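Here is the structure we will look at, set down as structure tokens.
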Amino acid sequence: RRRRSRTETVELKIYPDRILRVACQPLLEITDEDAARMREMLELMYRAEGVGLAGPQAGWSAQVVTLDVEGQGEGERIFVNPRIIFSEGEMVEEEGCLSIPGVRAPVHRAQKAVVVAYTPRGERVEQEVEDVLARAWQHEMDHLNGILFIDRLDPTSLMGLRQDLKDLERAAGKAEDRKAE
């Protein structure tokens with residue numbers, strides 16, 4: 001795997017970047033480089049003013065999630081190889097994504113969930129979460145499986161966002177053209 005220089009910063013991957021559609025691999029061990037990358041993910045999440053970030057959003061196809069729904073460092077956590085083992089109830093709330101800027105829509109999610117994951121030190125964590133935290137977990141878990149919140153929309157909602165998504169696709173194409181020059 002490619003080693004990054006110390007000066008290289010992690011950048012947020014924006015739709016339609018291919019890595020956002022890849023199912024991530026579990027981490028079987030955590031190297032010092034992996035631990036540093038997890039901290040970089042937290043920093044990126046804060047720079048982007050988000051409450052959660054999954055590995056692919058930082059260009060890393062690994063089952064890693066950072067979360068802080070309480071705000072700037074109050075409840076920051078890093079989770080490795082998370083799984084939702086139970087969910088119940090239903091809520092519909094407007095949702096957005098750091099990787100799909102400017103796009104928001106109502107998404108159906110479970111109201112409660114039980115999540116099992118590991119800390120970067122290998123300690124098993126089990127949490128029962130609800131409401132905003134349950135929504136954040138489900139959103140980030142989708143990312144680890146190559147699913148975006150727009151994939152969960154009904155056809156009418158998706159139709160209403162078609163132009164915004166086309167604009168993001170066009171911008172990505174122009175960026176690729178500039179790189180190729």
Side-chain angles (χ1 to χ4, degrees), residues 1-27 29-84 94-105 107 109 115 117-122 125 127 129 132-151 164-165 167-169 171-176 178-179:
R1 105 182 145 178
R2 186 174 82 87
R3 294 184 79 72
R4 290 171 301 124
S5 71
R6 289 271 183 226
T7 58
E8 185 179 338
T9 59
V10 176
E11 290 183 21
L12 184 63
K13 298 301 178 185
I14 303 295
Y15 174 87
D17 195 296
R18 281 191 206 108
I19 197 165
L20 297 172
R21 295 300 192 172
V22 174
C24 297
Q25 298 300 310
L27 284 178
E29 66 174 313
I30 297 173
T31 65
D32 289 343
E33 183 180 343
D34 293 335
R37 199 162 188 183
M38 291 173 196
R39 295 298 310 169
E40 290 172 349
M41 280 180 62
L42 269 177
E43 291 168 19
L44 175 60
M45 179 184 75
Y46 290 129
R47 281 196 316 268
E49 299 180 4
V51 297
L53 195 71
Q57 292 179 280
W60 189 18
S61 186
Q63 291 183 10
V64 175
V65 168
T66 60
L67 282 174
D68 186 356
V69 296
E70 296 166 30
Q72 300 292 323
E74 295 298 312
E76 79 179 29
R77 300 287 303 270
I78 299 171
F79 299 94
V80 178
N81 301 336
R83 291 186 338 261
I84 293 176
E94 191 173 79
E95 202 167 300
C97 179
L98 296 175
S99 292
I100 311 176
V103 176
R104 297 188 68 78
V107 179
R109 299 279 188 191
V115 181
Y118 292 87
T119 69
R121 291 185 303 278
V125 176
Q127 292 184 321
V129 294
V132 174
L133 192 51
R135 173 171 296 284
W137 262 114
Q138 292 166 82
H139 181 103
E140 300 311 330
M141 290 300 299
D142 276 354
H143 274 299
L144 297 183
N145 290 302
I147 299 168
L148 300 174
F149 86 93
I150 56 176
D151 300 331
D164 292 330
L165 297 174
D167 291 346
L168 288 169
E169 291 165 6
K174 288 179 183 174
E176 283 301 312
R178 282 192 299 273
K179 283 182 185 176

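For clarity, every value in this text was computed on a predicted model and none was experimentally measured.
- Residues Gly52 and Gln57 approach most closely at O-OE1, 4.4 Å, considering heavy atoms.
- Summarising the local packing, CD of Glu11 is surrounded by 12 or fewer heavy atoms from other residues, nucleotides or ligands at distances under 6.0 Å.
- For the pair Ala136 and Leu67, the tightest heavy-atom approach, listed with the atom from each and the gap, is CB-CD2, 4.0 Å.
- With values rounded to the nearest 0.5 angstrom, Gln63 atom CD is found 5.0 Å from Asn81 atom CG.
- The main-chain N or O of Ile147 is never found under 3.5 Å from a side-chain atom of Asn145 such that the two would form a donor-acceptor pair.
- Between Val64 and Leu27 the shortest heavy-atom distance is CG2-CD1, 3.6 Å.
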Run the side chain to side chain contact (heavy atoms under 4.5 Å, CB included) test on Ile30 and Arg121 for me, step by step, so that the C-alpha distance in whole Å, both residues' side-chain angles and the decisive distance to 0.1 Å come before the verdict.
CA-CA 8 Å; Ile30 297 173; Arg121 291 185 303 278; over 6 Å; no

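- With rounding to the nearest 0.5 angstrom, the CE atom of Met38 is 8.0 Å from the CE atom of Met41.
- Within the model, atoms CG of Asp17 and CD of Glu169 stand 12.5 Å from one another, a figure rounded to the nearest 0.5 Å.
- Using a 4.5 Å cut-off on side-chain heavy atoms (C-beta onward), Cys97 and Tyr15 make no contact.
- With values rounded to the nearest 0.5 angstrom, Lys13 atom NZ is found 7.0 Å from Ile19 atom CD1.
- Using a 4.5 Å cut-off on side-chain heavy atoms (C-beta onward), Met141 and Pro82 make contact.
- Contact of the Val115 side chain with the Val125 side chain is not registered, since no non-hydrogen atoms from C-beta on lie closer than 4.5 Å.
- With contacts defined as side-chain heavy-atom distances shorter than 4.5 Å, the pair Val107/Gln138 does not qualify.
- Side-chain atoms of Leu12 and Leu53, non-hydrogen and from C-beta on, do get closer than 4.5 Å to each other.
- Among pairs with a residue in residues 50-63, none fulfils salt bridge (charged side-chain N to carboxylate O under 4.0 Å, His left out), at least two apart in sequence or across chains.
- Within the structure, salt bridge (charged side-chain N to carboxylate O under 4.0 Å, His left out) contacts touching residues 133-146 (residues at least two apart or in different chains) are Glu95-Arg135, Arg109-Asp142, Asp142-Arg152.
- Taking both residues in full, the closest heavy atoms of Trp60 and Cys24 are given as O-SG, 4.5 Å, listed atom of the first, atom of the second, then distance.
- Contact record, Val129 with Ala134: CG2-CA, 3.7 Å, taken as the closest heavy-atom pair.
- The closest donor-acceptor contact from the side chain of Asp34 to the backbone of Thr31 lies under 3.5 Å.
- Taking 4.5 Å as the limit, every side-chain heavy atom of Leu98 sits out of range of all side-chain heavy atoms of His143.
- A distance of 10.5 Å separates CG in Leu144 from NE2 in His139, rounded to the nearest 0.5 Å.
- Annotation for Ala58 and Arg37: closest pair O-NH2, 4.3 Å, computed over non-hydrogen atoms.
- Between the CD atom of Glu40 and the CG atom of Leu42 there is a distance of 10.5 Å, given to the nearest 0.5 Å.
- Annotation: side chain of Phe149 is in contact with side chain of Val103 (closest heavy-atom distance under 4.5 Å).
- Side-chain atoms of Leu168 and Pro101, non-hydrogen and from C-beta on, do get closer than 4.5 Å to each other.
- At most 12 non-hydrogen atoms from other residues, nucleotides or ligands lie less than 6.0 angstrom from CZ of Arg39.
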